Structure formats: structure tokens, C-alpha cells
Amino acid sequence: EAGVAQSPRYKIIEKRQSVAFWCNPISGHATLYWYQQILGQGPKLLIQFQNNGVVDDSQLPKDRFSAERLKGVDSTLKIQPAKLEDSAVYLCASSLDLSGSNIQYFGAGTRLSVL
Amino acid sequence: AQRVTQPEKLLSVFKGAPVELKCNYSYSGSPELFWYVQYSRQRLQLLLRHISRESIKGFTADLNKGETSFHLKKPFAQEEDSAMYYCALLSSASKIIFGSGTRLSIRP
């Protein structure tokens, strides 16, 4: 089966610019996750969708980050405006449903550098 | 607070030597724990989870509630085991909490 697709793979922007990332989960997976992984740290959950609804966005910096999954399939994560500390790898993952025991399948990630 | 601690950033062992990657957790109740692995130029993927009680690629991990640990072990390291390993905990809010990771390097 096709895996989780993410684009772009790399992005370099200047601080205060905007950026958007795209994710297409595995077909049939209802739950989609966005993680932020800062260098030297483990992934940190930003937001979790079940179909097109937000399940958890408690760690999303809502003053500058936004995410949507309008049709319950692919999703976009946006940062506006970006700060230097947003430099990280942004990982998208999907799983069959909300059960925490379900295996999460990860995309290759988008590496963001904010200069 | 629910958290995962991996005390070693880097672990280097010789091929054929035993490997133990340490993981400690903080959680009230019965935890559900995982090990994820990321090989060079590959995606993060699940290696094993304690509820499955399985051995994957020769790796095992036993939950020790008394020591709040979930160390990953392999009796004889192979060069292809070189990777980044993350211990993870399923939180009470059904979120995965990752440790900071340990880079395992196997020397020939």
C-alpha cells in the first residue's frame, strides 16, 4: 500500500514569512497527526484529526499555526508568520482510527529552516 | 506529568555485542509503551510494543513497573541495527509521547 505522502521535503524561508505543508494519509485512515520534531528531540504532537474534525490541538501555537483537513482526507499545516524557533522537521502520520493502540504510519517529513 | 526519558543520546557497541537501550517512563496506572526506530534515510516506524510481547529483528523489551522502565534489548548487535531509537508512551489522552531518542551505532 502507498505510504503517507508529504510535500515539500525541504523548505527554507525567512522569519516572518508564511509556509504551508501538505500531507496525504494512507487511504482509509481516519486519524491524521501533525508532529513537530526539533533537532535532538523526539516528535511532539501538534494536532490530531479524526476525519475532518480536530480531536486535540492543545499543543498547537494557535497564534501562528493553523491546520485543516476539510474533506477528511489530505491536510495542510500552515505557519504564519514563521519564527526562528519553528525550524524543525514536520511529520505527518496516520492511523486507522482513534484507538491509541493503532499503529501510526509516518511520512518522510518536511524539513523547515527559518533564517 | 506523563513523560518518557531516554538517558543516552548515543550508544556505540561492537558488532556481536549485547545491546540495551534504556527507557524510563512516568505514568500513573498501566502504561502502554512502544519502541519506534528510524533507519538512515527512512521514515520513523514502529519497532515493537509491549502489549504484543513479540520479538522483532531480535529485539525485545520488557515492561518493569517497579522500575518504571521499558528497556530495549538485543543479545547480539548487527550492523544493520544502527539507527535512531525512540521510546514512546500512550498517554491518558490517547496521545503518543516520545522520548528524545538514542542513536545506536554498531561498530564492525
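Convention: sequence-line order gives letters A, B, ...; per-chain numbering from 1. Just so it is clear, the structure is predicted and the values come from calculations on it, not from any experiment. Side chains included, hydrogens not; waters and symmetry mates left out as well; all remaining heavy atoms used.
- Within the 4.5 Å cutoff, the side chain of B/K95 has heavy atoms near those of the A/S58 side chain.
- Under the 4.5 Å side-chain heavy-atom criterion for ILVMFWY residues, no single connected hydrophobic cluster contains both B/L89 and B/F34.
- Between B/I96 and A/Y35 there is a side-chain heavy-atom pair separated by less than 4.5 Å.
- Looking at A/Q6, neither its backbone nor its side chain comes within 4.5 Å of chain B, counting heavy atoms on both sides.
- Around the CZ atom of B/F76, the shell of radius 6.0 Å holds no more than 12 heavy atoms that belong to other residues, nucleotides or ligands.
- Annotation for A/Q80: atom CD does not count as buried by contact number, only 12 or fewer foreign heavy atoms lying within 6.0 Å.
- The environment of B/R3 atom CZ is sparse: at most 12 non-hydrogen atoms of other residues, nucleotides or ligands sit within 6.0 angstrom.
- Residues A/Q37 and B/F98 fail the side-chain proximity criterion, which asks for heavy atoms closer than 4.5 Å.
- Heavy atoms of other residues, nucleotides or ligands lying less than 6.0 angstrom from CD1 of A/I38 number more than 12.
- Across A/L45, A/D56, A/L91, the residue that shares the most heavy-atom pairs under 4.5 angstrom with chain B is A/D56.
- Taking the side chain as every heavy atom from C-beta outward, A/I103 and B/R49 approach each other to under 4.5 Å.
- Around atom NZ of A/K62, more than 12 heavy atoms belonging to other residues, nucleotides or ligands sit under 6.0 Å away.
- B/E80 CD: more than 12 foreign heavy atoms inside a 6.0 Å radius.
- The closest donor-acceptor contact from the side chain of B/R43 to the backbone of A/V4 lies under 3.5 Å.
- No side-chain heavy atom of A/P43 sits under 4.5 Å from any side-chain heavy atom of B/Y36.
- Only the side chain of B/L46 comes within contact range of chain A, with at least one heavy atom under 4.5 Å from a heavy atom of that chain.
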